[in-house]
Amino acid sequence: ARAAGVPFEIGAGTLRPVTITLTNVRLTTALDAVCDNASCAWRLDGALKVTPVAAGRRASLPPRVSFDVKDSPGAEVFRAMGAAIGVTVTVSPGTASPEQTLSLSFHNAATTDVLNMMCEALRCEWSFDAENGLRIAPKKR
């Protein structure tokens, strides 16, 4: 955060120690590498917000999800879905501009189908792992 000149906040919890050397990489690549090893999730929202993932806590994507949003920014829709399914969500900067809004209503829909549809609309891609949760990033060309 200091190297990028952005303020930062670290949530309650314990981060695993990390030693890493990166040269000429994007900030998002560096943050992903650090959090993959430190067991945390990050979000850039005016400030860099880092949230440690509880040790031994392994999340899973539920098979089905229900939630409603109306005219909400894409990144916030992913966060709302994360709250609905109880997983940490990290949305990489540049994934969706604030002008890109979604209105969605799902009842007992397949979680992976919902994620695929949302990413198709916002030109992004998603990945999930049990330790770090759901990660959303701009679609690679």
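The analysis underlying the following values was restricted to heavy atoms, covering all of them including side chains, and did not include hydrogens, waters or symmetry mates.
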Worksheet item: Between CZ of Arg43 and CG of Leu48, what distance do you get to the nearest 0.5 Å?
Response: 10.5 Å
Worksheet entry | Partner set under side chain to side chain donor-acceptor pair (under 3.5 Å) for Ser103, not counting sequence neighbours | Asp71
Distance-only check: which donor-acceptor pairs under 3.5 Å involve side-chain atoms of residues 112-120, not counting sequence neighbours?
from, atom 1, to, atom 2, distance (Å)
Asn116, OD1, Trp126, NE1, 2.8
Asn116, ND2, Thr112, O, 3.2

Worksheet item: From Leu122 CG over to Ile136 CD1, what is the distance, rounded to the nearest 0.5 angstrom?
Response: 9.5 Å
Worksheet item: Among Thr90, Val34, Thr51, Leu27, which one satisfies side chain to side chain contact (heavy atoms under 4.5 Å, CB included) with Trp42?
Response: Thr90
What side-chain donor-acceptor pairs closer than 3.5 Å can you find for residues 79-87, not counting sequence neighbours?
from, atom 1, to, atom 2, distance (Å)
Arg79, NH1, Glu76, OE2, 2.9

Worksheet item: Would a 4.5 Å heavy-atom cut-off, applied to side chains only, mark Val25 and Thr23 as touching?
Response: no
Worksheet item: Do Asp68 and Ser105 meet the criterion of a side-chain donor-acceptor pair at a distance under 3.5 Å?
Response: yes
Practice prompt. Nearest 0.5 Å please: distance from the CZ atom of Arg135 over to the CD atom of Glu125.
Written response: 13.0 Å
Fill in: Shortest non-hydrogen contact from Thr101 toward Pro73
CG2-N, 4.1 Å
Worksheet item: Just by distance, do the side chain of Ser72 and the backbone of Val69 share a donor-acceptor pair under 3.5 Å?
Response: no
Worksheet item: Heavy-atom distance under 4.5 Å between the side chains of Phe8 and Val6, does that happen here?
Response: no
Fill in: Nearest-0.5 Å distance, NE2 of residue His107 to OG of residue Ser66
5.0 Å
Discussion item. Using every non-hydrogen atom in the two residues, find where Ser92 and Pro138 come nearest and quote the distance to one decimal.
Written reply: CB-CD, 4.1 Å
Worksheet item: Around atom CZ of Arg16, are there more than 12 heavy atoms of other residues, nucleotides or ligands at under 6.0 Å?
Response: yes
Discussion item. To check you understand the geometry: which heavy-atom pair defines the closest contact between Cys35 and Val50, and what is its length?
Written reply: SG-CG1, 4.5 Å
